[in-house]
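The next block holds one structure in the form of structure tokens; read it before the comments.
Just so it is clear, the structure is predicted and the values come from calculations on it, not from any experiment.
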Amino acid sequence: MTFDLKKTVNLPSKDLPMKGNLAQTEPQRLKRWLEADIYGTLRTARAGRPKFRLHDGPPYANGRIHLGTAFNKILKDFIVKSRSMLGFDAAYIPGYDCHGLPIETKVVKELEGKLPNKGLAPTPIIIRREARAFAERHIRDMNRDFQRLGVLGDWDHAYRTMSYDYEADILRTLAAFVRQGSVYRGLRPVHWSIGAQSALAEAELEYKDVVDPSVYVAFPLATDPAAIAPELAGREVAVVIWTTTPWTLPANLGISFGPDFDYVAVEAPAPSGQGRHRTYIVAAKLLPALAQKFGWTNARVLATFKGSALDGQAARHPWLNRESKLMVGHHVTLEAGTGAVHTAPGHGMEDFLIGKQYGLEPYCPVDQRGVYTDEVAHFAGRQVFEANPDIVKLLRERGELVFAEDYPHSYPHCWRTKTPTIFRATPQWFISMDAAGLRQQALEAIGKVQWLPPWGEERMRNMFVNRGDWCISRQRAWGVPIAAVRCTACGTVHATADFMEHVADVFEREGADAWYIRPATDFLPPDFTCGHCGARDVEKEMDILDVWLDSGISWRIMERAGLAEATEPAADVYIEGSDQYRGWFNSSLVVSLGLRGHAPYRTVVTHGYVLDKDREKMSKSLGNVIEPQALIESGGADLLRLWTASVDYTDDVPISEEILARIGDAYRKLRNTLCYLVNNLADFNPETDAVPYTELFEIDRWALVETNELARRVRTGYEQYAFQAVYTALLNFCTTQLSSIYFDVLKDRLYTYAPKSYERRAAQTALYEIASSLIRLLAPILAFTADEAWEKLTRGQAGSVHLAEFPAYDAARAEPELRKRWETLLSIRSVVLKELEQERAAGRIGSALEARVDLRAGGRLYTLAEHYGTEALSFLFIVSQVTLERTEGEELKVQVQRAAGVKCERCWHYDTSVGADPMFPTICRRCARNVRLGWYPA
RNA sequence: GGGUCUGUAGCUCAGGUGGUUAGAGCGCACGCCUGAUAAGCGUGAGGUCAGUAGUUCAAGUCUACUCAGACCCA
């Protein structure tokens, strides 16, 4: 009889395959999750537990997801899944931002091709219907994309800013600010298309190269020049400004200087004077270039001073009987011009802002056709661009034109009518930051929020210290209309909170389209008359609200879903990209303060942007774009998730082929670890086969103590949103503690001892607990793989791993003495391994089992080794024999010899007992016993 | 130009309050094993801590500036 000894070796099963095949298996698993509604099941199971609320910042519903949005959603999923496994009732309601310009312009372009009357702009209601359908379509696609990432949430009830109740809430938000007294109407410069006679957004501008008049204009000083510098006393001084839009000069109200730049007053020939000289002020750094341009051959510098010396002085307008205020601001640069910046607050954004600081009106004597109003002397009724040459002529006649030339540059044009645009102050709606103390409230609230990373607090604070009033009106169609009416007779605007709330109720039933469909009278009481003039006829205000107001009220959905009370922050955490300090974190804070008096969040976490290998942004032109879809198809969503965990998300994160290759390596290491665990447990039932903790081998207990420690670190990591620390801890544990130490040592015990022997069962007991812990700790990150391993480990009896909780950290199992002992033991092991490697390099051994290790040590080291035992040490070193000799002193000496005896065919150890059992002449005594025990149970 | 942030081995990251030869995992090289096998194990080589100048007995760690990159604003 020949007995096949190979069959008596307990090799691992193949229940969990090494190859993940994620592109195929993930969609199937996803389908099962959705069919079983594991999100709903989980919420039900956790009902009554403390709630944890992550509130989703709504992505814009206009495309497929990219790496940035995927990264964002995966981070959110890490948080939700881990909080749930930490025992919380963790809700996640995703959302979508629907209104706004990108969708509107997209559908307008599509519509323009289709409309019978080419060139005619589509009506708002047509735009709105198309835009809504467009958003619906993209929400469907994005829902699928996000779910494919393994993100669990209430996808069937994702909130959308265009749903009727949400639109109503947006309008109610405005009403609340009106009631609070924060809303006012005022002028603000916007890009204006003369051709279309309408306001334009940044995205609607096309830049074209044109040639404009470039003029250098003298503004005579109106105040005493000695106040600037004593050397200038009694002189005729003028400030020289530069502009390429002479038509804005009638609206000039000031001149801006850089406070820290040096300026000079130079004596130079006046343009029209026959030998007459004048004193001009320009930036010192620009003087050489300007002197050459102006032909100032022997200009004499009379004085040098900082721009701040000019602050508060005044000049005279070159032809109008008006003062021009001298101001300082940090927007002034020395890259072009004279360092003295012509400032017309009605015709420029920076001009507007600095004008506001100095109390200047956004003066704009230009009507919607681009024509000067009657109040403009010399040029009333003229179109601004046509007036340019005459303005230059007038300046020349008055002797205030220092220099003029043609100037080619790039200038914005209206994308639709292709005409050059102008900046023009128009009536807009604002929320004041100070009227009701919003700014102060915000600064206080910011201090109470936890910011992650911590510098977020300062960034946010600076934003509120500096920000101007919030301009909330837009001259667009796709959004929530500002529900106000204007008296047709006298122009008075009626915008009361009561009226808005009434309209909001209509919106809740019919959607905001009602404003466009119904006549104004439908919203007004039958007896309405204008309180100012008594007339009855009104027209509807057609501006819509800034979409930041839309998303700013999104926390309301937490209240509507019963997840938050009005008396507390609506969410525990917001997590978005760092651009949202200015965006969503900002608008949400203002809206929540206005409506609830507190911040909508307790903690704000920010993540960086996804960049390429050189940490530069991805763009089509650079050709460095990586699509999440491609990654999912080649490696699976778990690969993307693992990458997300591996990087420091608080900073910008790099991704590249190499990085993904490394992540693939890490994935395989983790998966192989799970395979080893699960596949060596195929014949193990923890209910009936487990060995008590105290009866385990010491190395088993060490592995469990290490696992316990891992649970502590990983739980803490998840609690602190430190996913990278979690990733590192898990990967290092698998690589070092498990793969290279415990698993390697354990192979002999698992494979060669009888299947049901105490030795093997002890090993499996530890493996089972390690597997159970490790899989759960990995689950938030490797959402699919962990679930697959869990299913195999629990034979499909425990439900999805995402319903489970993390293993607890057991303080009683910390075993500090054992850990300390093992630190020493493992350091001895590493000395032995080095010695073995030398023998191998010398060609004296191959496998370590060909070796015998002779240890000589004294003191503590000897005691430790002696206590652990030479046989146990031989297994720890994976050699055939170990001897131990006591010496003087602490030093450890290691010598390696060839092992005694011959190689056992079954366990591969060298042993002198091989052949002792006549029935099995090729194997050692230990193997013979196990073969009899396992395969010949007497 | 302003606000905020980042720059440590090929890659991803550790390196409280400044103090011995700067660590980990992966990758790489070489070797072993062939009973975790599209696996496993071992040993080893990799760093002027972006640069410059300072402060200090002593700096990856503090200060200033420079360079490169990111977000927001202008």
Side-chain angles (χ1 to χ4, degrees), chain A residues 5-6 9-14 16-19 258 260-261 329-335 349-350 353-354 453 455-463 465-468 577-583 586 606-617 643 645-648 650-666 668-669 671-680 724-725 727-736 739-741 743-748 750-752 830 832-841 843 845-850 878 906-908:
Chain A
L5 285 165
K6 278 259 186 227
V9 180
N10 313 302
L11 294 181
S13 78
K14 301 215 187 302
L16 185 61
M18 289 187 66
K19 195 163 159 26
D260 303 322
F261 297 150
H330 288 281
H331 65 290
V332 176
T333 70
L334 299 179
E335 269 152 39
M349 205 52 218
E350 289 175 330
L353 292 173
I354 188 153
W455 49 255
E457 177 170 353
E458 199 184 341
R459 183 164 173 177
M460 197 68 179
R461 190 175 294 280
N462 283 336
M463 216 140 257
V465 169
N466 297 324
R467 75 165 286 175
S578 56
D579 53 333
Q580 300 303 334
Y581 286 107
R582 186 68 188 184
N586 201 302
T606 56
H607 64 250
Y609 273 59
V610 180
L611 307 176
D612 75 1
K613 63 176 162 39
D614 301 317
R615 290 179 193 262
E616 292 192 43
K617 75 175 90 178
W643 165 77
S646 77
V647 293
D648 174 13
T650 64
D651 192 5
D652 292 333
V653 296
I655 193 165
S656 66
E657 292 300 324
E658 180 179 2
I659 291 168
L660 286 166
R662 293 295 81 80
I663 292 298
D665 293 334
R668 262 175 273 118
K669 188 69 193 183
R671 188 176 178 93
N672 283 340
T673 304
L674 297 180
C675 287
Y676 182 99
L677 287 164
V678 170
N679 294 337
N680 275 302
Q724 192 183 53
Y727 167 84
T728 310
L730 286 167
L731 187 61
N732 280 349
F733 179 76
C734 288
T735 318
T736 308
S739 193
S740 112
I741 302 173
F743 288 179
D744 210 25
V745 169
L746 223 50
K747 279 189 241 176
D748 179 81
L750 287 168
Y751 299 168
T752 72
S830 82
V832 170
L833 290 176
K834 274 192 182 60
E835 207 59 40
L836 285 168
E837 184 62 24
Q838 281 195 12
E839 292 301 300
R840 198 154 25 228
I845 60 166
S847 161
L849 285 174
E850 291 168 31
I878 319 181
R906 187 166 174 279
C907 72
W908 299 344

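- At a threshold of 4.5 Å between non-hydrogen side-chain atoms, the residues T650(A) and H607(A) do not count as touching.
- Base engagement by W908(A) is indicated by at least one non-hydrogen atom pair under 4.0 Å involving a base atom.
- Comparing C13(B), A74(B), G40(B) by their closest approach to the side chain of E350(A) singles out A74(B).
- With a 4.5 Å cut-off on side-chain heavy atoms, R615(A) and V653(A) do not count as touching.
- For the pair D652(A) CG and C13(B) C1', the interatomic distance rounds to 16 Å; values are reported in whole Å.
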Write out a two-atom table: protein N or O, nucleotide N or O from nucleotides 37-39 of chain B, distance below 3.5 Å.
| from | atom 1 | to | atom 2 | distance (Å) |
| --- | --- | --- | --- | --- |
| A39(B) | O3' | N672(A) | ND2 | 3.1 |

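- Counting non-hydrogen atoms under 4.0 angstrom, G608(A) reaches nothing in the nucleic acid.
- Within 4.0 Å (heavy atoms only), T606(A) reaches no atom of the nucleic acid at all.
- Take E658(A) and apply the side-chain hydrogen bond (donor to acceptor under 3.5 Å, both in side chains) test, not counting sequence neighbours, and it matches R662(A).
- Each of K617(A) and T735(A) lies near RNA chain B, and the nucleotide nearest T735(A) is the one positioned closer to the 5' end.
- The K834(A) side chain lies nearest to G44(B) when the options are G44(B), C71(B), G10(B).
- Listed by chain and number, the residues in a ring-ring contact (aromatic ring centres under 6.0 Å, His included) with Y676(A) are F743(A) (sequence neighbours excluded).
- No contact: P453(A) has no heavy atom under 4.0 Å from any strand.
- Annotation: salt bridge (charged side-chain N to carboxylate O under 4.0 Å, His left out) contacts of D648(A) (sequence neighbours excluded): none.
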What's touching nucleotides 20-24 of chain B from the protein side, N or O pairs under 3.5 Å?
| from | atom 1 | to | atom 2 | distance (Å) |
| --- | --- | --- | --- | --- |
| A24(B) | O2' | N732(A) | ND2 | 3.2 |

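- With G10(B), G42(B), C5(B) as the choices, the nucleotide that has an atom nearest any side-chain atom of W455(A) turns out to be C5(B).
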*asked:* Could you spell out the base pairing of RNA chain B as a dot-bracket line? Use Watson-Crick and G-U wobble contacts where both distances are under 3.5 Å, [ ] for crossing pairs, | for partners on a different strand.
replied: (((((((..((((.....[...)))).(((((.......))))).....(((((..]....)))))))))))).
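- Among the atoms of the strands shown, only primed sugar atoms or phosphate atoms (P, OP1, OP2) are found under 4.0 Å from some heavy atom of D648(A).
- Nearest to the side chain of R582(A), among C73(B), C13(B), A74(B), sits C73(B).
- Counting distance only, with no hydrogens placed and no angle test, the side-chain atoms of R459(A) and the base atoms of C72(B) include no donor-acceptor pair under 3.5 Å.
- Among G69(B), U12(B), G35(B), the nucleotide with an atom closest to any side-chain atom of L11(A) is G35(B).
- Residue R840(A) is in sugar-phosphate contact alone, with no base atom involved, counting any heavy-atom pair closer than 4.0 Å across all strands shown.
- Nearest to the side-chain atoms of E658(A) among the listed nucleotides G35(B), A74(B), G10(B) stands G10(B).
- No engagement by Y581(A) is indicated, since no non-hydrogen atom pair under 4.0 Å with the nucleic acid exists.
- Counting non-hydrogen atoms under 4.0 angstrom, F743(A) reaches a base of the nucleic acid.
- Side-chain to base pairing of S739(A) with A36(B): one donor and one acceptor N or O lie within less than 3.5 Å of each other.
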